[in-house]
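Below: one structure, written as structure tokens.
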Amino acid sequence: MIFTLLSTLPVLIITSELDYSELVHSAELVSSSSSSSSHLHHKSFNSRKRNCTRDTDIIDRLLNGTGYNKFRIPQEEGMTVVVEIWIQAITSIDELTNDFDMDIYITETWLDPALNFQHMSPCKGNLSLNHQVLDRLWTPNSCFINSKVAQIHNSPFRSVFLMLFPNGTVMVNYRVRVKGPCSLDLSNFPLDLQKCSLIYESFNYNRQEVEMKWSDAEYPVFNLSKIVLPDFDLFEIQTERKQENYPAGMWDELHVTIIFERRFIWYFMQAYLPTYLTIFISWVSFALGSRAIPARTMLGVNSLLAIVFQFGNIMRNLPRVSYIKGIDVWMLVSMTFIFCSLLELAIVGFMVRDETVAKKKQQKKVSGNIIYWFYYIHRKEIIRENLINRLDG
């Protein structure tokens, strides 16, 4: 409005010699015309807004009196459900029970032609609804078929988000807490990789009725933030789509495999480094000499007991498996080193004992010879004195 007023001033000044009152009158006319056009625009906008259809009216028209049946598949040729999973957090991995806990968002998208409301002049580009409306719509009844526990969050209300687009596209997002299985292989423990997997499929509809597929995004399963666990780092997420044959037909299965890499620093500080030093301590006995048998025995036995205690402390937090783990090899080799040092101590002690016995025999023999010579000399002196006494007599 101000720009229009200023643009008219040079024209008024040049074309005619208007006085100040006429100039003000012209400005008032321009301002009045501008405000009138703005009022008409606002009035037309309000008119369009009054003519659009509200969310509640759209849902009422779609679901009431139209014959909509949530138990009937919307398309006779079958439905296509696109799935995407967002990992919010992975809270724990339990090696004793072979499972893991995580919080995820599951997004499902499909097209339901019966929910098309483009012809109703909606006030919004899409409708954001709650789980109560979802309970009245057809859903693929998807679930994790291999999960131990799966439940939708209630914090403080049921965490379900429903979005309905004008062309009938339905997008549903669930926030779920799920406990899934892990196939733990401890052969390379603690330098190992562990795999945990989930299988997502429609529980009620086979492939001819509902086709499940991953989203076309580069990563259909991804983490929203960095996953931080005490013992593991998130190494890789793999997705795969498989077809499984059941007696009732073929089902689409969406597999997601989460690979974790173990953090081995704790085991290096609590297992590898102490056993390394324990072996070195057992080797100190080699510098004590062959005569310090009690001291060498004490060092060897204490080293063996220490490494057995360390081994038991680590194994207490691991499942009982029937195969040899990587850390078992390290501990057994460490025990072998200490056992060999004790075996060397036994051999040295045996050799030192033989030398002592021989030395004692030698000393006894020498002592016997010395006593014999003393007796021989003393006897000889007595005989000599007797001979002298006889000659004098």
Side-chain angles (χ1 to χ4, degrees), residues 90-102 181-197 226-236 257-355:
I90 299 177
T91 54
S92 66
I93 299 177
D94 196 334
E95 295 170 330
L96 297 178
T97 56
N98 288 358
D99 53 33
F100 74 110
D101 295 324
M102 68 176 182
C182 295
S183 56
L184 296 181
D185 183 11
L186 302 176
S187 300
N188 297 323
F189 177 85
L191 306 175
D192 54 339
L193 296 174
Q194 300 300 339
K195 295 182 179 181
C196 301
S197 60
K226 185 177 180 181
I227 304 299
V228 178
L229 291 170
D231 293 336
F232 293 93
D233 289 323
L234 181 59
F235 183 74
E236 187 181 3
T257 302
I258 305 175
I259 303 177
F260 299 95
E261 182 180 20
R262 189 182 301 274
R263 293 182 176 182
F264 62 88
I265 298 300
W266 186 88
Y267 298 96
F268 176 79
M269 299 300 296
Q270 298 293 326
Y272 288 98
L273 187 60
T275 54
Y276 202 70
L277 296 177
T278 302
I279 293 173
F280 278 165
I281 291 174
S282 68
W283 288 352
V284 173
S285 62
F286 297 149
L288 298 180
S290 58
R291 304 295 178 183
I293 298 298
R296 295 184 64 182
T297 303
M298 182 189 68
L299 277 176
V301 172
N302 288 342
S303 299
L304 187 61
L305 292 177
I307 202 169
V308 169
F309 176 77
Q310 293 169 2
F311 188 39
N313 189 35
I314 294 173
M315 293 299 105
R316 189 180 299 113
N317 298 321
L318 294 177
R320 297 177 181 178
V321 295
S322 59
Y323 51 85
I324 297 177
K325 302 180 289 293
I327 198 169
D328 294 341
V329 177
W330 171 266
M331 288 295 184
L332 291 175
V333 171
S334 301
M335 291 181 186
T336 303
F337 275 111
I338 299 177
F339 178 76
C340 289
S341 67
L342 288 174
L343 185 62
E344 184 269 345
L345 174 62
I347 296 173
V348 170
F350 180 78
M351 295 176 63
V352 169
R353 187 193 66 176
D354 291 343
E355 291 180 359

Could you give the distance from [atom1] ([X]) to [atom2] ([Y]), rounded to the nearest 0.5 Å?
X	Y	atom1	atom2	value
L345	T297	CG	OG1	4.0 Å
I279	M335	CD1	CE	10.5 Å
N302	S282	CG	OG	11.0 Å
R316	F311	CZ	CZ	12.0 Å
I90	I227	CD1	CD1	4.5 Å
K325	N188	NZ	CG	12.0 Å

As a test of understanding, state which of L332, I314, T275 forms a side-chain contact (heavy atoms from CB on, under 4.5 Å) with I327.
I314
Taking every non-hydrogen atom, the tightest pair across [X] and [Y]:
X	Y	answer
F100	P181	CE2-O, 3.8 Å
R263	F232	NE-O, 3.9 Å
F268	P274	O-CD, 4.1 Å
S285	R296	O-NE, 2.9 Å
S197	T257	CB-OG1, 4.1 Å
S303	I338	O-CD1, 3.6 Å

Evaluate the criterion side chain to side chain contact (heavy atoms under 4.5 Å, CB included) for residue pair M102 and I258; output intermediate values, then yes/no.
CA-CA 11 Å; M102 68 176 182; I258 305 175; 3.9 Å; yes
Take the angle between the ring planes of Y276 and W330 and call it parallel below 30°, perpendicular above 60°, tilted in between.
parallel
For the pair F280 and W283, name the ring-plane relationship: parallel under 30°, tilted 30 to 60°, perpendicular over 60°.
tilted
Hey, does the side chain of [X] reach the backbone of [Y] with a donor-acceptor pair shorter than 3.5 angstrom?
X	Y	value
D233	F235	no
R262	D192	no
Y323	L186	yes
Q194	D185	yes

Check against side chain to side chain contact (heavy atoms under 4.5 Å, CB included), L299 and L288
CA-CA 11 Å; L299 277 176; L288 298 180; 4.0 Å; yes
Derivation and outcome, side chain to side chain contact (heavy atoms under 4.5 Å, CB included), residues L193 and F260
CA-CA 6 Å; L193 296 174; F260 299 95; over 6 Å; no
Min side-chain heavy-atom separation W266-P230 under 4.5 Å
no
Measuring only between side-chain heavy atoms, which start at C-beta, is T278 closer than 4.5 Å to Q310?
yes
A quick test of your reading: do over 12 heavy atoms of other residues, nucleotides or ligands sit less than 6.0 Å from CZ of F337?
no
Is it the case that atom CD1 in I324 sees more than 12 heavy atoms from other parts of the structure closer than 6.0 Å?
no
Would you please test K195 and I259 for side chain to side chain contact (heavy atoms under 4.5 Å, CB included) and show each step?
CA-CA 5 Å; K195 295 182 179 181; I259 303 177; 4.0 Å; yes
